[in-house]
Amino acid sequence: MTLPPEQPPDVIIKVVCRSLVPFIQLFGLYVVMHGHSSPGGGFQGGVILAASFVLLVLAEDRATLRHHIPPAALNASTSAGVLLFAGLGVVCLALGANYLDYGPLPFAEPRSIGMLVIEIGVGITVMAAMLSIFRDLLEF
Amino acid sequence: MIWSLDFVLLVLSVVCAVAAVQVRDLLASVVLLAAFSLFMCLLWTEMGAVDVAFTEAAVGAGVTTVFFVITVFKTDRVSRD
């Protein structure tokens with residue numbers, strides 16, 4: 001059994017999904033930003049952001065993902081999130097504390113800001129990894 | 001924590017899990033697995049583990065279902081064992 005042949009997407013499905021995507025992405029960003037104080041966090045927010053792109057691809061055609069996010073950018077951001085995570089830990093080391101000890105960071109509330117940066121790194125990596133799996137499954 | 005609500009959700013999730021293993025049509029199996037994820041998500045919310053429930057709703061019921069449906073379309077729809 002193969003994937004059904006590509007059909008021109010129905011205009012109702014297309015319009016509804018396209019108008020839904022920004023709200024899903026806004027919710028994903030909210031989940032990432034409030035991960036340290038409420039349920040949610042980088043992983044869940046990243047999955048929600050990835051799901052918004054999956055919805056966009058399902059509503060339109062398979063070239064949409066490649067059009068919105070080029071494959072090189074997807075691979076680069078998978079690594080960039082990990083780099084952000086590990087880089088903040090190394091910055092903490094350089095400032096004289098332990099790895100990922102946010103205490104000496106030069107911000108007003110160093111632990112909140114440090115955790116936020118970590119969550120953003122996790123969110124970027126999870127979103128890019130989920131979309132990479134999705135792209136590889138579609139193009140397999 | 002409401003005991004009777006917990007019990008109903010647990011019975012529904014066990015029914016969905018057993019049906020997902022037993023059914024021959026793999027696409028139906030994927031849909032039953034998504035339903036199982038939904039009931040587990042409700043169960044976890046009801047027991048106070050909101051963070052786990054959030055992950056279950058986003059990953060279990062959302063993204064993995066899409067991945068499984070694509071995989072079923074790329075391979076075979078009927079289970080042979």
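Residue numbers start from 1 in every chain, and the chains themselves are labelled A, B, ... in the order their sequence lines are given, proteins ahead of strands.
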_Any non-hydrogen side-chain atom of A:Tyr99 less than 4.5 Å from a side-chain atom of A:Val90?_
yes
*chain A contact via B:Val63 - which portion, at a heavy-atom distance below 4.5 Å*: side chain
_Check whether A:Gln25 reaches the backbone of A:Ser52 with its side chain - one donor and one acceptor, N or O, closer than 3.5 Å._
no
*Under 4.5 Å from a heavy atom of chain B, the part of A:Phe43 involved*: side chain
_More than 12 heavy atoms of other residues, nucleotides or ligands under 6.0 Å from OH of A:Tyr30: yes or no?_
no
*Which region of A:Val47, side chain (C-beta onward) or backbone (N, CA, C, O), has a non-hydrogen atom less than 4.5 Å from a non-hydrogen atom of chain B, or is it both or neither?*
both
*Is a side-chain donor or acceptor of B:Thr64 paired with a backbone partner of B:Val59 at a separation under 3.5 angstrom?*
yes
